[in-house]
S.K.: 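This is the structure I want to talk about, given as structure tokens.
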2 protein chains.
Amino acid sequence: MTIERMDVKRLHVDTTTTLIVMEDEVDRLVAAWRRERPDLDVEPLEVLSRVSRLARHLDRARRLAFAEHQLEPWEFDVLTALRRAGTPYQLSPGQLLTQTLVTSGTMTNRIDRLAKKGLVERLPDPSDRRGVLVRLTAEGQDRADQALAGLLDQERAILAELSRAQRGELAALLRQLTAPFDNIPG
Amino acid sequence: MTIERMDVKRLHVDTTTTLIVMEDEVDRLVAAWRRERPDLDVEPLEVLSRVSRLARHLDRARRLAFAEHQLEPWEFDVLTALRRAGTPYQLSPGQLLTQTLVTSGTMTNRIDRLAKKGLVERLPDPSDRRGVLVRLTAEGQDRADQALAGLLDQERAILAELSRAQRGELAALLRQLTAPFDNIPG
DNA sequence: TCCATTTAGCTCGACATCAAGAGACTTGAT
DNA sequence: ATCAAGTCTCTTGATGTCGAGCTAAATGGA
């Protein structure tokens with residue numbers, strides 16, 4: 001089989017250099033739009049559709065990685081938020097809301113289920129009798145630490161496609177796009 | 001207010017050049033992990049957490065853009081899949097499944113609701129009496145076209161942070177990461 | 001001190017999704 | 001012709017999320 005029979009894309013860098021790269025679904029998506037809507041400039045899709053699709057693939061991959069540690073992605077999110085908080089590994093439900101971007105009803109449900117599994121425990125907040133503190137148990141911390149290590153291994157494998165320099169470049173470009181969202185609260 | 005008081009990050013490119021860039025949430029996330037787990041190499045998060053977070057921001061932004069055309073994101077997905085198919089803008093529910101990556105129960109529900117809104121119609125498949133064809137109505141096509149134009153405007157604004165060359169670079173780097181998922185079916 | 005306002009976390013009903021499986025029809029082998 | 005296996009769509013039941021509203025407690029001004 002020659003490379004001609006694969007899904008490839010030829011990038012004409014200059015008159016003598018042609019880079020042959022693998023096509024992806026977004027190349028096909030963009031090609032379809034250019035055929036159906038030649039009047040529109042669909043260039044933005046080249047970047048942002050790839051971001052969305054890659055995120056979907058990552059979600060699936062992460063779900064698999066976490067499954068090896070009997071954790072759902074949402075469980076990982078909550079446990080690691082507590083883990084990152086540092087000793088004594090406790091946050092209020094309200095702080096967990098803002099970190100995980102879910103609503104309060106959802107967080108109550110999540111804490112209930114994590115407490116039932118013995119990964120977190122609810123404590124009364126000594127300084128505010130309305131309040132509750134959610135604390136990571138020893139087992140919760142172990143599970144979070146193990147799942148994080150597994151996740152990083154998997155992500156390293158995905159990123160092996162790129163050189164160290166390319167990863168740095170990619171991170172910097174993405175930071176330019178995310179910074180406005182993160183700093184000017186949307 | 002000086003730049004010192006903002007959330008910034010200093011990248012020491014060489015001994016005489018220091019690039020000052022805006023920090024984002026991932027910088028803070030990575031810093032927290034390095035503090036709590038100095039034993040781990042968390043470099044992969046610099047790229048992949050940014051991808052996931054940016055995708056989340058994009059989802060929210062898209063939801064807003066579509067709302068101006070009274071469309072939900074899922075409605076846009078289905079309508080544009082039909083729109084990209086070209087004349088006569090019809091696909092089977094099965095084809096729609098594979099394009100939108102939802103289950104058949106979900107797709108039945110979506111087609112029901114779109115049909116009730118008059119944006120698509122169900123037709124019997126003339127070549128297979130088990131089958132159904134879903135066809136875009138004239139109004140469905142208009143709404144899809146308008147929503148796409150709105151989406152592209154919004155995405156262009158987000159990408160204005162980058163130069164044309166940077167956008168090309170970013171697209172190429174992302175393609176390298178997505179191609180394995182898209183070509184070696186996961 | 002009193003009372004209105006704000007804040008914290010929880011409850012509950014509505015809703016979209018998924019997974020499993022049923023029913024209708026087609027395909028291909030004998 | 002017949003029948004088993006495969007395909008296509010829809011139905012059903014369980015689950016997780018959201019969002020509105022509730023109660024209890026803290027806050028702050030008159």
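Note on naming: letters A, B, ... go to the chains in the order of the sequence lines (proteins, then strands), and numbering restarts at 1 for each one. These values consider heavy atoms only, across backbone and side chains, with no hydrogens, waters or symmetry-generated copies.
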S.K.: Side chain of B:Trp74 only, heavy atoms from C-beta on: which candidate in C:dT11, D:dT17, C:dT17 is closest?
M.R.: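 Of all the options, the side chain of B:Trp74 is nearest to C:dT17.
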
S.K.: Verify side chain to side chain contact (heavy atoms under 4.5 Å, CB included) between B:Ile111 and B:Val132, making sure each step is shown before the conclusion.
M.R.: CA-CA 11 Å; B:Ile111 296 167; B:Val132 169; over 6 Å; no

S.K.: Is there a donor-acceptor pair under 3.5 Å between the side chain of A:Thr80 and the backbone N or O of A:Asp77?
M.R.: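 Side chain of A:Thr80 to backbone of A:Asp77: a pair is present.
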
S.K.: Quiz question: going by heavy-atom distance under 3.5 Å, is there a donor-acceptor pair between the base of C:dT26 and the side chain of B:Arg130?
M.R.: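 No, the side chain and the base share no sub-3.5 Å donor-acceptor pair.
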
S.K.: Taking the side chain of B:Asn109 as its heavy atoms from C-beta onward, which of C:dT11, D:dC10, C:dA16 lies nearest to it?
M.R.: C:dA16

S.K.: Using atom CD1 of B:Ile111 as one end and atom P of D:dC8 as the other, report the distance to the nearest whole Å.
M.R.: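 So the CD1-P distance, B:Ile111 to D:dC8, works out to 14 Å.
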
S.K.: Counting side-chain heavy atoms from CB outward, which of C:dC10, D:dC18, D:dC10 is closest to A:Arg122?
M.R.: C:dC10

S.K.: What is the distance, rounded to the nearest whole Å, between atom CG of A:Asp112 and atom P of D:dT17?
M.R.: 12 Å

S.K.: Side chain of B:Thr103: nearest nucleotide among D:dC18, D:dG16, C:dA19?
M.R.: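 The answer is C:dA19.
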
S.K.: Could you check whether any side-chain N or O of A:Arg143 sits under 3.5 Å from a backbone N or O of A:Gln70, counting only pairs where one atom can act as donor and the other as acceptor?
M.R.: yes

S.K.: Assess whether one donor atom and one acceptor atom, taken from the side chain of A:Thr106 and the base of D:dC18, lie less than 3.5 Å apart.
M.R.: no

S.K.: Could you tell me how far apart B:Arg110 (CZ) and C:dC15 (C1') are, to the nearest whole angstrom?
M.R.: 13 Å

S.K.: Rounded to the nearest angstrom, tell me the gap between atom CZ in B:Arg63 and atom C1' in D:dC18.
M.R.: 11 Å

S.K.: With sugar-phosphate meaning primed atoms plus P, OP1 and OP2, does B:Gly94 contact a base, only sugar-phosphate, or nothing at under 4.0 Å between heavy atoms?
M.R.: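 B:Gly94: backbone/sugar contact only, no base atoms under 4.0 Å.
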
S.K.: Could you state the CG-P distance from B:Leu97 to D:dC10, rounded to the nearest angstrom?
M.R.: 10 Å

S.K.: Taking atom CZ of B:Arg164 as the centre, report whether more than 12 heavy atoms of other residues, nucleotides or ligands fall under 6.0 Å from it.
M.R.: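 No.
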
S.K.: In whole angstroms, how far is the P atom of D:dT17 from the CZ atom of B:Arg60?
M.R.: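 About 18 Å, once rounded to whole Å.
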
S.K.: Within this structure, what is the CG-to-P distance between A:Asp59 and C:dT17, rounded to whole angstrom?
M.R.: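 Value for this atom pair: 16 Å.
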
S.K.: Take B:Ser127 and A:Met107, find for each the nucleotide of DNA chain C with the closest heavy atom, and name the residue whose nucleotide sits nearer the 5' end.
M.R.: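 Upstream on the strand: A:Met107.
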
S.K.: Starting the side chain at C-beta, find the nucleotide from C:dT26, D:dT17, D:dA25 nearest to A:Arg113.
M.R.: D:dT17

S.K.: B:Asp128 or A:Asp128: which one's nearest nucleotide on DNA chain D is closer to the 5' end?
M.R.: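 With B:Asp128 and A:Asp128 compared, the 5'-side residue is B:Asp128.
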
S.K.: Between B:Arg50 and B:Asp24, is there a donor-acceptor pair closer than 3.5 Å when you use the side chain of the first and the backbone of the second?
M.R.: no

S.K.: Quick check on DNA chain D: between A:Val102 and B:Ser104, whose nearest nucleotide comes earlier from the 5' end?
M.R.: B:Ser104

S.K.: Within this structure, what is the CG-to-P distance between A:Asp125 and C:dC10, rounded to whole angstrom?
M.R.: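 So the two atoms are 12 Å apart, to the nearest Å.
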
